[in-house]
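We count ligands from 1, going down the list as the structure has it; atoms in each ligand are counted the same way. In this chain, numbering begins with 1 at the start of the sequence shown.
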Amino acid sequence: MVEAVQIPVERIKESKLGQVDFSNLGFGKYFSDHMLEADYVNGEWTSVKIRPYQDLGFLPALSVLHYSQTIFEGQKAHKDENGNIHIFRPHENWKRLNRSADRMAMPNVPEEIFVDGMKQLIELDKAFIPSGYDESLYIRPFLFATEETLGVKESNSYKFLIITGPVGSYFSAPARIYVEEKYTRAAPGGTGAAKTGGNYAASLLSSAEARKQGYDQVLWMDANEHKYVQEVGAMNILFVIDGKIITPDLTDGTILSGITRMSLIELFKEKGYTVDERKVSIDEIVEAYKNGSLQEVFGCGTAATISHVRELKYKDFVMEFDVDSMTISADMKKYLLDYKENLHGDPHGWLEKV
Ligand SMILES: *Cc1c(COP(=O)(O)O)cnc(C)c1O
């Protein structure tokens with residue numbers, strides 16, 4: 001194995017660790033002492049460094065502020081009972097970041113910066129990793145355009161950063177969602193499969209309207225016919241119908257390929273379930289609800305792992321579910337959480353040690 005290149009570190013003068021209330025971590029509230037930073041200039045990655053989390057200082061013409069050329073990742077590191085630190089499938093995040101980069105006409109980030117740099121950053125700030133069950137260090141890598149110009153074209157310079165922060169166990173109350181009929185998130189040929197800020201910006205009005213009506217999220221439908229299910233907020237969606245796992249397939253490029261989704265599909269198959277990845281129409285879901293074969297509905301993503309749906313509304317038709325009876329997904333949620341806490345000995349080789 002090639003020894004990872006050491007990235008130069010400028011250490012913080014006074015740690016902010018004392019300001020963290022580990023009994024009430026929440027999500028995205030605290031940031032660790034350091035960040036990784038690298039610049040892409042003249043076709044090359046330069047000035048890779050780790051320094052204190054701080055103000056970046058930028059000019060008003062920074063191109064990302066105008067044309068949104070920006071992508072990100074979201075992942076977690078857990079500390080196990082023996083104090084060992086593992087990141088869950090970081091190479092998948094690295095590959096996905098670079099797929100997003102390709103779609104957004106941005107440069108790829110090398111593995112040594114993304115994966116090895118991430119490990120070095122986490123090692124340095126490991127005191128911030130909470131050790132409670134399902135508590136973790138959230139990791140946010142992101143890349144954005146930094147050219148100073150108002151010209152509309154891909155930027156000639158970029159900045160890559162990794163920031164991290166401790167997050168608590170993510171209790172997500174069973175969600176109430178409705179089928180979005182007015183707005184769309186992604187169309188074939190668009191950017192739905194890229195983890196880019198613009199997809200989120202375009203979704204905020206829809207989620208604000210959902211909240212006003214007392215709902216938590218919307219279920220996105222295909223842009224052409226509003227007939228086929230895509231995903232929910234920052235989560236992929238799965239259904240259990242007649243004991244089978246059913247989830248929209250990724251083939252038309254409108255759905256983000258979740259690493260949680262990918263992992264669940266593998267685990268469900270291993271446990272003997274049939275998993276169908278295919279087009280899922282809302283009519284099929286309504287029909288399955290009416291004939292009693294729709295057993296479970298849940299979203300999945302890094303933040304919550306699995307989040308159950310207790311109400312799904314389509315037009316005026318309300319589908320209500322007894323979340324306590326959703327044992328297939330509840331058992332799987334526990335299995336995957338235990339897996340990340342290194343309680344299963346990592347049979348799939350998904351945990352990378354820091
Ligand atoms: C990040 C994300 C997901 C979930 O992906 P994970 O890798 O499982 O966290 C799903 N949908 C969207 C739109 C996302 O941005």
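Using cut-offs of 30° and 60° on the angle between ring planes, the pair Tyr335 and Tyr339 is tilted.
Distances from ligand 1 to the non-hydrogen atoms of Arg96 include at least one value under 4.0 Å. At least one heavy atom of Gly233 sits closer than 4.0 Å to an atom of ligand 1. At least one heavy atom of Arg185 sits less than 4.0 Å from an atom of ligand 1.
Heavy-atom proximity to Glu231, at under 4.0 Å, picks out these atoms of ligand 1: 10 (C), 11 (N), 12 (C), 13 (C). The contact set between ligand 1 and Met235, taken as ligand atoms under 4.0 Å from a residue heavy atom, comprises 10 (C), 11 (N). Ligand-side atoms of ligand 1 in range of Tyr200: 12 (C), 13 (C), 14 (C), 15 (O), range being under 4.0 angstrom from any heavy atom.
Smallest separation of non-hydrogen atoms from Pro107 and Ala101: O-CB, 3.6 Å.
Under the 4.0 Å criterion applied to side-chain N and carboxylate O atoms, Arg185 and Glu231 are assigned as salt-bridge partners. Contact check on Asp39 versus Lys159 returns a salt bridge, with a Lys/Arg side-chain nitrogen under 4.0 Å from an Asp/Glu carboxylate oxygen.
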Inset, instruction - Please assess Phe144 against Phe72 for the test side-chain contact (heavy atoms from CB on, under 4.5 Å), listing each intermediate value before the final yes or no. - result: CA-CA 9 Å; Phe144 60 92; Phe72 67 98; over 6 Å; no
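Counting only non-hydrogen atoms, the option in Ser203, Ala234, Cys300 that gets closest to atom 3 (C) of ligand 1 is Ala234.
Thr254 meets the side-chain hydrogen bond (donor to acceptor under 3.5 Å, both in side chains) test with Gln230, Asp252; sequence neighbours excluded.
One distance of note links NZ of Lys195 with CG of Leu97; it measures 10.5 Å at 0.5 Å rounding.
If you check which protein heavy atom lies closest to atom 9 (O) of ligand 1, you get Thr302 OG1, 2.6 Å. Of the protein's non-hydrogen atoms, Gly258 CA, 3.3 Å is the one closest to atom 5 (O) of ligand 1.
The proximity of Gln75 to ligand 1, defined as any non-hydrogen pair under 4.0 Å, does not occur for either the backbone or the side chain.
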